[in-house]
2 protein chains.
Amino acid sequence: MSEPLENQPVIASTIADTVCSKLQNAIVEGIIPAGSKISEPALANEFGISRGPLREALSRLEACNLIERKPNVGARVVTLTRQHLVEIYFIRESLEGLAARQAAENMSDKDINELDVLLEKHQQQIKQDQSYYQKEGDMDFHFRIIKGSKNSHLIDMFSNDLYHLIRLYRYQFGMVSKRVPRAFVEHGQIVDAIRQHDGELAQFLMSRHIRSSRINVEKMLDEHLAITD
Amino acid sequence: MSEPLENQPVIASTIADTVCSKLQNAIVEGIIPAGSKISEPALANEFGISRGPLREALSRLEACNLIERKPNVGARVVTLTRQHLVEIYFIRESLEGLAARQAAENMSDKDINELDVLLEKHQQQIKQDQSYYQKEGDMDFHFRIIKGSKNSHLIDMFSNDLYHLIRLYRYQFGMVSKRVPRAFVEHGQIVDAIRQHDGELAQFLMSRHIRSSRINVEKMLDEHLAITD
DNA sequence: CATATCATAATTGTCGACAATATAGTGCTG
DNA sequence: CAGCACTATATTGTCGACAATTATGATATG
């Protein structure tokens, strides 16, 4: 982590906000490695700010579960474990199922058309840069559905917590999956269900989509661990 | 809010932690009213602390969605709305369904026995103080199931976010429901399903349990609003 | 009288220093 | 040489003061 953390794109108003966003990206991208200790004086110095706003930023990082803090000891970037990843998948299977259902009930035709546009864009991306799609494109789609649910608390939970963790694991475990084409097809099915305002079907498809993804990831992790160990 | 906020029971290590807990209770119990503005100097003074740790506490309150903060403007206690409450119920229906399923899969016999004890205790409480049961007893049960899932991230999400919001709405909207006996029976059914390690059934029962509760609350709110408006 | 403008006051954001706690290293003892 | 105690160092927690921003209120103007 001897890299320029202080120049990373972001638009915010308070220093704590800015720094928080930069740190989020830095952690997700591994510039600050998982499990590493965070020194307040060092970081504050690196950003050229005081420890006050830095601590505020750390508070928010703790809230989105990117770091863990112990009183009088300090903060560490979370460690990535298979178990934690699987836990998140189960939660997503449940929550995004709900999101899809409510999206089918609450999305306007305009919203849905924009979803179509997104899918089309993704279809192009897949041919070019599977890695990018897998990291960000897929996330775009899922987040769009969440927002489509119009359930503001659900949207909040995602934005503050799961969003960053999902990105974190994607970047750090970053394994290219053969499931990308299949997943893309499933996205299409989900959008179809939403278009027909079939909440039950959308929920079923989304839950199964994420469940399949989880099983795939579990399999890949098992193989990978079997090799590295 | 001219009441003694500073003497409320809590055990923690850092000042920010202590104050955070006290504020959580104060907000839940309405000592600091919903929607009211929070003055940092005033509160810090009331607790006899500096603004530093107070701001740290406010950060955490924001994380558990008890207050909202705008940069350069300040913090307000969240306002309670019917829509928000319903959103939370949908999320609970989804998440606690998952929790019940995983609890059925992961709870030990010892855990389940303790659940039985809890139910027995509740049976006594119902006869004595329905109000207390409805506020805290019911919460105890649901939280116990969450913990039983052994899904640490799920437990975290509840502890930091939903737990306080549920209590908040219970206390502030505090309406006595005729559903208490019925709900208690449903709790028993859920425990039975968990005892048999029937995850699917436990999930179904828990989701339906919360759905029923939501519908009941919606009905009561409609009636109540019809009267007050 | 209502509205806009400006000066004042109050509140939030940020900083640097001090106190309390934990970590690291050294020396001592078995 | 291993393990423990103690000292020294570094880190975190807390405080009070200053800077930047926003809210308030008085005055002037249409």
Side-chain angles (χ1 to χ4, degrees), chain A residues 1-2 5-8 10-24 26-27 32-79, chain B residues 1-2 5-8 10-24 26-27 32-33 35-63 65-79:
Chain A
M1 95 176 189
S2 54
L5 305 180
E6 64 263 20
N7 28 323
Q8 219 135 336
V10 120
I11 352 98
S13 96
T14 170
I15 292 185
D17 252 319
T18 311
V19 170
C20 177
S21 294
K22 288 183 185 175
L23 286 176
Q24 283 174 338
I27 291 174
I32 304 178
S36 64
K37 176 139 188 352
I38 288 179
S39 161
E40 293 182 6
L43 255 192
N45 201 40
E46 194 159 356
F47 282 108
I49 63 174
S50 167
R51 274 180 53 222
L54 180 75
R55 281 172 66 85
E56 180 109 14
L58 291 183
S59 276
R60 300 188 198 176
L61 291 182
E62 186 184 22
C64 54
N65 284 299
L66 287 178
I67 68 171
E68 285 171 352
R69 284 174 114 181
K70 287 180 188 170
N72 294 315
V73 172
R76 301 196 86 88
V77 179
V78 292
T79 57
Chain B
M1 95 178 187
S2 54
L5 305 180
E6 65 264 19
N7 27 325
Q8 220 137 333
V10 119
I11 351 98
S13 98
T14 171
I15 291 184
D17 254 317
T18 311
V19 169
C20 177
S21 294
K22 288 182 184 173
L23 286 177
Q24 283 174 338
I27 290 174
I32 304 178
S36 64
K37 177 140 186 359
I38 288 178
S39 161
E40 291 181 8
L43 254 192
N45 200 39
E46 194 158 354
F47 282 107
I49 63 174
S50 167
R51 275 179 55 222
L54 178 74
R55 282 171 66 83
E56 180 107 11
L58 291 183
S59 274
R60 298 187 199 177
L61 291 182
E62 186 185 22
N65 284 302
L66 288 179
I67 68 172
E68 285 171 352
R69 283 174 114 185
K70 288 179 188 171
N72 294 315
V73 172
R76 301 194 88 88
V77 179
V78 293
T79 58

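Residue numbering restarts at 1 for every chain, and letters A, B, ... go by the order of the sequence lines.
One finds a side-chain N or O of A:T14 lying less than 4.0 angstrom from the OP1 or OP2 phosphate oxygen of C:dT14. Applying the 4.0 Å criterion to OP1 and OP2 of C:dT12, one finds that B:K37 has a side-chain N or O inside that range. Residue B:R51 has no polar side-chain atom (N or O) positioned under 4.0 Å from OP1 or OP2 of D:dC15.
Rounded to whole angstrom, the span from the CD1 atom of A:I49 across to the C1' atom of D:dA19 amounts to 16 Å. As rounded to whole Å, 12 Å separates atom C1' of D:dA23 from atom CZ of B:R76. Separating the CD1 atom of A:I15 from the P atom of C:dT14 is a distance of 4 Å, rounded to the nearest angstrom. We find that CG of A:L58 is positioned 15 Å from P of D:dT11, with the value rounded to whole Å. Between the CG atom of A:D17 and the P atom of C:dT12 there is a distance of 16 Å, rounded to whole Å. For A:E56 and D:dT14, the CD to C1' distance is 15 Å, given to the nearest whole Å. Atom C1' of nucleotide D:dG16 and atom CG of B:N45 are separated by 13 Å, given to the nearest angstrom. Rounded to a whole Å, the CG atom of B:L54 is 12 Å from the C1' atom of D:dT14.
Candidate nucleotides D:dT14, C:dG13, D:dG13 were compared by shortest atom distance to the side chain of A:N72, and D:dG13 ranks first. Side-chain proximity of A:P53 to D:dC15, C:dT12, C:dT14: nearest is C:dT14. Set against C:dA22, D:dA23, C:dC15, the side chain of A:V73 has C:dA22 as its closest nucleotide. Picking from D:dT22, C:dG16, D:dT14 the nucleotide with the shortest atom distance to the side chain of A:S50 gives C:dG16.
In this structure, A:G48 and B:E40 both approach DNA chain C, and ranking their closest nucleotides by distance from the 5' end singles out B:E40. Residues A:P71 and B:P41 each lie close to DNA chain C; by heavy-atom proximity, the contact nearer the 5' end of the strand is made by B:P41.
Remark: of the listed residues A:I67, A:L66, A:L54, A:L54 is the sole one forming a side chain to side chain contact (heavy atoms under 4.5 Å, CB included) with A:L23.
The two residues A:Q24 and A:C64 have their closest heavy-atom pair at NE2-SG, 3.7 Å. Listed here is the closest heavy atom pair of B:A16 and B:A57: O-CB, 3.6 Å.
In this structure, A:G74 reaches the sugar-phosphate backbone alone: every heavy-atom distance under 4.0 Å involves primed, P, OP1 or OP2 atoms, never a base.
With B:R69 contributing its side chain and B:A75 its backbone, the two residues share no donor-acceptor pair below 3.5 Å.
Counting only heavy atoms from C-beta outward, the side chains of A:T14 and B:N72 never approach each other to under 4.5 Å.
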